[in-house]
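Comments concern the structure below.
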Amino acid sequence: MSTTRPASLPIAPAQPAAAGAARPSREGAASKPSTAFRESTYLKHLFGYEILGKPALRLQRWRDEQAIRAYEPKPTDVLSPPLVCVAQMKELMTRHYLEGRYASGVKKVAWVTSGAPAEILKAFGFFLVYPENHAALCGVRRKTEEIATEAENAGFSRDLCSYARTDLGTVLSGKTPVGRLPRPDLLLCCTNICQTVLYWYRNLADLFGVPLVLIDTPFLYGEAQPHQIEYVKRQIEGIIPVAEKVAGKALDEERFESVLQHARDAADLWLEVLNRSQNRPAPMTAFDGFIHMGPIVDLRGDAVTVEYYRRMLKELDARVAQGVGAVKDERYRVLWDNLPIWYRIGGFSKLLAQHGVNVVVSTYTYAWGELAPLIDPAKPLDSMAKVYLHPILNRSPADKLRVMRRMVKEFGLDGVILHSDRSCKPYSLGQIDERELLARELGLPALLLEADHSDPRAWADEQGNARLEAFVEMMEGRG
Amino acid sequence: MSLPEVLPSRAEVIARVKSQGKRLLAVMPIHYPRALLRAYGFHPIELWGPPDAPVAQGARHFQAYTCDIVVKATSFLLSGGADVAEGILVPHTCDALQGMAAVLHDFVHPRQRVLTLYHPRERREADRLYYVDELARLGRDLEELAGKRPSEGEWTEALATETAATTALAELYRDRPRLALGDREFYTLVRSREYLPSEDFIRIASAVQRGAPRAADGVPILLSGIVPEPMSLFDAIHAAGAAVVADDLACGFRRVYEIPERGSALERLAASILDAPADPTRGTPLAERAEELILRMTSTGARGMLVYGVKFCEPELFDLPRLRHYLGEAGFPMTHIEHELVSTLGQQAVTRIEAFVETLQ
């Protein structure tokens, strides 16, 4: 049978015979680029990213920091000014996507799921693209509807995950708010967050004709069994020969250990950052957490990420010492379960803050910190197998409920918002019972809020806001 | 005698199996090792809904965007429909069934024990080794439930009987053009595997008359999807002037296993499921699935593929655009009809079927 793929995909080519759109084929990745092409891609990378891009972003960061520092709070402000470090976070993430624009032909590129053991690929020097993060960014910039429609026009149902639709929409149309995504040489998919990623990456593998490495993680209905851990370990080991083949070099064990150490240090710091909100008033909101999680997802294993969260922690500590809360008049403290509603983050933050509500903690942001103690750079593969088998999404809802109960106690919470996310069924199924148990056992107001993490078509402002306000009234009613 | 007269009802089978001292296990779709269950003395009764179950009880636990099979099966269980069963086996077919198993296990706490089975989504050495261990784990759960471990003889009998039943099913598909059965009857017989003891299935399937091969009674098509509910779907296809000559149904051809002759019992069972026909829920790569489908369509003379998919079924929905592309290239049109699990076929679906068949004529 024919295995012809679409004539072209508007994603930056890895090694095409000529400049322009990629011609995806199974053989495509193996074809050798011409010397002239290689030189031109290196030059573009040098000028676009190293010489012009990076300094421009540094300058922008300096300006943003100055603007935040110079901000004169108004009496009507319900939120404190943003953390100054947000400017650096913006620089890091923009730089990452900018590098992506020029990465093809300069570095090997891998597209990976957010919960994948990407440290190995990082040690090989792959440039990593996280399509979920890119889709979240499209959500924040309100581009999801336009881009996802491209996938829907190609036949992908609107009932499918909006991250997947956004990513496939970008692949099929080239539309992205970051300029351009580099074409993958390798795909790494780990099912520890959902089975959706498996079907999604099977599509990517088919469209791009590149190798897909699957890390299949049995769902944990209870304690992890030895055969499940062994299974994940064997698969993680299996990444190495494929990556070696694609990268054309052997794994540098020393670098691998250092990447793992950075990943662990960053995860430790991230956990500390999140736990600072146990203070009253909390120095940040969970909505800030959603925004600041970019580096721990996309740049896990980099030294700069460790440095960044160290700085963030310092700034939070200063706020705690001065008694500065992210919400100026913090009266109620709330938990957020599930992914954020990316296109409404700012709106929710303000709306809730007007009522003195601070969403101080979320189960979602914790996913990148809670497993930090399991990372052992001295036993890389064994510890990675355990870490990547245990994310909150790969554990039973009863386990998530235990986490939420603990958070209620540790963060002194007054209510819980459970985002029932159409696009994330593994996270959402179980929430109806969780809500009921939290309300019954702990006597807390608990709201099940129907939406979608990225697609605004699943959200109605009027009804949604009314439900949030009714939830606040319930907390106010309790005094 | 016609097929409906020969086939006992679910209720009759349940009563008979219980009177024989066997234990019943309610089983959710799609794949599970029947011989393993049999060796431990369990008889599976599968739950693909059922379509006429009221949704209220299931809807108290699941959001409106959850697949009907999960919601209705939960309703059925909670209304006491499967009280005769001693356990509920929920294989890890998809995120929705994962959610169902977890909600039952963690929150609903039905009287019956909830058993799970995680299928690997690849066919590498690591997957095979894992799957054997995972089947052994399921075996330990069954042992706790049954209070006994199967003897060598019970294992041998279970494997022999289930291999024979699997062969009987494969022969039904192979002999299909020669069978004196219409589409609805054929799939009624195939689906009787969902509750019929294997020895009964073997007997009835072998007794179906084989004549000379005959041409399809209408425009030949391949039917894909999870489950053809309501079964009047086949009447609508026939009325539109088409005939189902092959399928890619989760409750049909995707479960035509081949149990290898070599290896330990668990290795053989693991291989039979891992090497089963293409299935997105087991992670079959798209091109491979398309290739299998095109081969099946070519060999049976099917002119197009009708996908009759349950709403919100992610594994199916994700595959459709690329399957449409591959099948289109090979000259096979495809159409997709989404349905909820109900006992009457909607007029909209009938119209879509008619329109599709017209394009193939």
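Letters go in sequence order (proteins before strands), and every chain restarts at 1.
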The reported gap from CG in A:L168 to CZ in B:F318 (rounded to nearest 0.5 angstrom) is 6.5 Å
So, the part of A:E230 with a heavy atom under 4.5 Å from chain B: the answer is neither
So, the part of A:D421 with a heavy atom under 4.5 Å from chain B: the answer is backbone
Test A:Q228 against B:R137 for side chain to side chain donor-acceptor pair (under 3.5 Å), laying out the working first. CA-CA 11 Å; A:Q228 295 170 325; B:R137 184 197 60 75; over 6 Å; no
Under 4.5 Å to a heavy atom of chain B? For A:S157 that would be side chain
Checked B:L320, B:L129, B:T281 vs chain A; the most non-hydrogen pairs under 4.5 Å come from B:L129
CD (B:E288) and CG (A:D206) are apart, to the nearest 0.5 Å, by 11.5 Å
Under 4.5 Å to a heavy atom of chain B? For A:E436 that would be neither
Honestly, the part of A:T217 sitting under 4.5 Å from a heavy atom of chain B is backbone
Of all heavy-atom pairs linking B:P280 and A:Y199, the shortest is O-CE2, 3.6 Å
Over 60° means perpendicular and under 30° means parallel, so tell me whether B:Y130 and A:Y231 are parallel, tilted or perpendicular.
parallel
Interface check, chain B: of A:D399, A:L437, A:L429, most non-hydrogen pairs under 4.5 Å belong to A:L429
The reported gap from CG in B:D95 to OH in A:Y427 (rounded to nearest 0.5 angstrom) is 14.0 Å
Interatomic distance, NE2@B:H61 vs CD1@A:I432, rounded to 0.5 Å, equals 8.5 Å
CG (B:D106) and NZ (A:K400) are apart, to the nearest 0.5 Å, by 11.0 Å
field: Distance-only donor-acceptor check, side chains A:R422 and B:Q63, under 3.5 Å
entry: no
Okay, B:R324 and chain A: the region with an atom under 4.5 Å from a heavy atom over there is neither
For B:P120 and A:D216, the nearest pair of non-hydrogen atoms, with its separation, is CA-OD2, 3.2 Å
Nearest heavy-atom approach of B:Q98 to A:Y221 is CA-OH, 3.6 Å
Under 4.5 Å to a heavy atom of chain B? For A:L160 that would be both
Report yes if the side chains of B:R322 and A:L207 come closer than 4.5 Å at any heavy-atom pair, otherwise no. yes
Here the pair of heavy atoms bringing A:T196 nearest to B:E314 is OG1-OE1, 2.5 Å
Next on the checklist: Could you tell me if A:Q235 and B:R124 have a donor-acceptor pair between their side chains, going purely by distance under 3.5 Å?
Outcome noted: yes
Most contact-rich option vs chain A, by heavy-atom pairs under 4.5 angstrom, among B:D127, B:V103, B:T66, B:V108, is B:D127
